[in-house]
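Below is one structure, written out as structure tokens; the observations come after it.
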There are 2 protein chains.
Amino acid sequence: MLDKLEYLLALSRERHFGHAAEACGVTQPTLSAGIKQLEETLGALLVQRGSRFIGFTAEGERTLDWARRIVGDSRAMREEISALRHGLTGQLRIAAIPTALAMVAQLTTPYRARHPEVRFTVLSRTSVEILTLLENLEIDAGVTYLDNEPLGRVNAVPLYQERYQLLTSPDAPLGNRDRVTWKEVSEVPLCLLTPDMQNRRIIDGLLRGAGGSAQPTLESDSMIVLFAHVRTGRWASVMPARLAETLGLTATIRAIPIVEPEAVHTIGLVVPPREPLTPLAAALVAEAKRLVATTDP
Amino acid sequence: MLDKLEYLLALSRERHFGHAAEACGVTQPTLSAGIKQLEETLGALLVQRGSRFIGFTAEGERTLDWARRIVGDSRAMREEISALRHGLTGQLRIAAIPTALAMVAQLTTPYRARHPEVRFTVLSRTSVEILTLLENLEIDAGVTYLDNEPLGRVNAVPLYQERYQLLTSPDAPLGNRDRVTWKEVSEVPLCLLTPDMQNRRIIDGLLRGAGGSAQPTLESDSMIVLFAHVRTGRWASVMPARLAETLGLTATIRAIPIVEPEAVHTIGLVVPPREPLTPLAAALVAEAKRLVATTDP
DNA sequence: TCAGAACGATAGAAATTTTCAATCGATGGA
DNA sequence: TCCATCGATTGAAAATTTCTATCGTTCTGA
């Protein structure tokens with residue numbers, strides 16, 4: 001029965017019987033039969049059948065909610081019992097928005113010192129994707145914006161405040177300034193994240209609010225790409241202050257605070273709203289709290 | 001896997017492999033193998049093995065916690081999906097302390113009017129047993145004391161206040177009084193519940209507090225037995241006021257309030273601390289809230 | 001309009017798992 | 001010491017699950 005619920009979860013992720021089957025490591029007929037059996041035991045159609053996958057019925061959506069919960073709990077059980085005997089082991093899957101990727105190391109490093117047997121997977125994802133992945137039990141935790149856009153059902157631990165700086169060469173226009181306004185930034189050609197990223201939407205909003213508009217010369221979904229360009233001294237970008245520090249400022253780049261308004265957004269750790277958490281996730285939350293306790297005051 | 005967790009729950013109830021197997025409708029080797037398989041997948045011993053069942057290991061106890069939760073959720077899922085299509089159906093299992101048994105009708109009657117397809121099982125149990133049954137998913141709800149003794153992990157809805165009266169013949173000593181004290185009651189031979197009942201312990205406490213002690217001429221675990229004796233006009237008892245009213249006072253019995261102190265205990269509906277509840281249990285909670293809303297103000 | 005591809009359902013054979021009856025070994029009480 | 005009880009073990013039978021192969025629909029694009 002538990003495996004059938006896993007099938008249902010896979011189907012909701014993939015929206016395709018064949019792909020879901022592959023994700024579960026079974027053949028498509030097996031998954032089809034599993035779903036059908038689930039429908040029979042529950043006495044209700046769960047999937048809208050057409051010539052292909054259409055969607056779930058109302059009963060299917062409710063069952064999905066339960067499946068997430070039950071499957072999540074059964075994994076947490078396995079993890080917890082294993083942790084009782086062998087300490088924390090296994091895979092901890094984290095997804096972070098690109099601007100927060102660098103700070104993940106500040107969580108994983110002390111985590112690993114405490115629990116050397118844990119292996120990490122860190123994915124770069126948009127804030128929207130992170131919430132979906134969390135819902136579907138595909139990651140254990142995320143690092144994303146806590147304010148701004150709707151967050152959905154998660155538990156959150158604030159980590160730090162994101163403030164924005166113009167990264168540019170000292171020789172470029174504005175390069176000699178101590179601070180610049182968003183209005184001024186809006187007139188510079190920038191390297192920015194793609195518009196599906198929340199950071200980009202935030203910056204777009206700030207630029208529009210200053211009466212300008214974003215004119216990105218270059219877009220990417222990778223901060224490395226943006227930073228590499230800025231580092232040549234021939235491009236400019238807007239980045240969170242912490243990120244710029246982490247990546248390392250050189251003689252070719254200056255980081256200039258952007259004011260009017262001095263925008264601030266909160267980044268935090270998000271975990272499923274399950275109680276209790278899996279031991280792996282709980283340890284990450286503990287690490288996050290430790291981190292803010294040592295840096296904040 | 002889910003069925004193995006059911007085996008584990010049965011084993012914790014029965015504390016006996018053979019009985020647990022019978023309760024699950026399988027043979028003893030099947031249950032033994034199921035438990036063993038659970039131990040293998042979790043990688044830990046769950047049951048302390050001697051020549052017979054001894055108890056659970058620490059890992060076993062944690063697994064039991066999870067099993068209760070997971071099995072409970074999977075039942076709730078089935079129930080909820082069934083309710084979406086056919087309305088509320090199935091069995092609602094309630095246990096109540098003897099002094100509250102009569103009031104259960106005030107919950108089940110409006111419940112049945114609303115959901116005619118639901119069948120009820122109402123058991124008479126001690127307050128301690130009710131909590132165990134709730135824990136082990138053997139009942140859906142209980143009616144018991146909310147104050148006084150430790151309640152454990154449950155959600156509670158207060159139903160009413162229990163106040164105590166002396167039930168006795170008008171001809172008996174104290175039979176002509178408008179009120180009596182606990183001190184006075186302590187000198188009368190009484191019909192009382194057995195000492196495993198919390199109501200009895202409460203009354204014992206009140207009598208001791210008044211400097212007396214209980215001298216029951218007759219003990220029973222059934223209120224019907226007590227009431228039948230009182231009704232002959234030749235015995236006396238102490239009962240909650242509501243119960244006495246429900247059972248019906250006749251010319252042969254007077255119900256006399258007992259004061260000094262005027263003791264009050266809260267009776268309430270208790271359900272598992274699961275969120276969300278099963279639809280059957282949720283409907284009972286709704287009924288309970290409706291009941292107090294119409295009687296209290 | 002039609003060929004081809006994609007999708008999910010179905011059928012039947014094969015493999016795996018589950019279950020049970022029978023029995024064993026150990027333990028504890030009479 | 002004997003006997004009853006308990007849980008583990010074994011091997012055969014039964015049930016189930018899974019897979020391969022294939023079918024019928026429904027789109028897509030020429």
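Quick note on labels: first sequence line is chain A, next is B, and so on, each numbered from 1.
For the OP1/OP2 pair of D:dC6 and a distance below 4.0 Å, the side-chain nitrogens and oxygens of B:H19 include no atom meeting the criterion. Remark: B:Q37 is not in phosphate contact with C:dT17, judged by side-chain N or O atoms under 4.0 Å from OP1 or OP2. Phosphate contact (OP1/OP2 of C:dG8, side-chain N/O of A:K36, threshold under 4.0 Å): absent. A:H16 has no side-chain polar atom (N or O) that falls below the 4.0 Å cut-off from OP1 or OP2 of C:dA6. Contact annotation: B:T27 side-chain N/O to C:dC20 OP1/OP2 distance is under 4.0 Å. Between B:S32 and D:dA8, a side-chain N or O to OP1/OP2 separation shorter than 4.0 Å is present. Look at B:T30 and you'll find a side-chain N or O under 4.0 angstrom from OP1 or OP2 of C:dC20.
The separation between A:Q28 atom CD and D:dT17 atom P is 18 Å, rounded to whole Å. Regarding A:E39, its CD atom lies at a distance of 12 Å from the C1' atom of C:dA9, rounded to whole Å. Spacing between atom CD of A:E6 and atom C1' of D:dT18 amounts to 17 Å, rounded to whole angstrom units. A:L31 places its CG atom 10 Å from the P atom of C:dG8, with the value rounded to the nearest Å. For A:E40 and C:dA9, the CD to C1' distance is 13 Å, given to the nearest whole Å. At whole-Å resolution of the value, CD in B:E22 and P in D:dC6 are 12 Å apart. We find that CZ of B:F17 is positioned 16 Å from P of C:dT19, with the value rounded to whole Å. Rounded to whole Å, the distance from CZ on A:F53 to P on D:dT26 is 18 Å.
In terms of position along DNA chain D, the nucleotide closest to B:G18 lies nearer the 5' end than the nucleotide closest to the other residue of the pair B:G18 and A:K4.
Comparing C:dG8, C:dA11, C:dC20 against the side chain of B:V26 picks out C:dC20 as the nearest. Counting only heavy atoms from C-beta on, A:P29 has its side chain closest to D:dT20 among D:dG7, C:dA21, D:dT20. When each of D:dT18, C:dA22, D:dT20 is scored by its nearest atom to the side-chain atoms of A:D3, the top-ranked nucleotide is D:dT18.
Note on A:E275 versus B:R69: no salt bridge recorded, every NZ/NE/NH1/NH2 to OD/OE distance being 4.0 Å or above. Ionic pairing of A:R200 and A:D204 is present here: one or more N-O contacts between side-chain nitrogen and carboxylate oxygen are shorter than 4.0 angstrom.
In this structure, B:H19 and B:H16 have parallel ring planes: the angle between them is below the 30° cut-off, well short of the 60° mark. Between B:F53 and B:F56, the ring planes lie perpendicular to each other; the angle is over 60°, past the 30° to 60° tilted range.
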**Worked check of side chain to side chain donor-acceptor pair (under 3.5 Å) between A:E59 and A:T63** = CA-CA 6 Å; A:E59 289 88 350; A:T63 307; over 6 Å; no
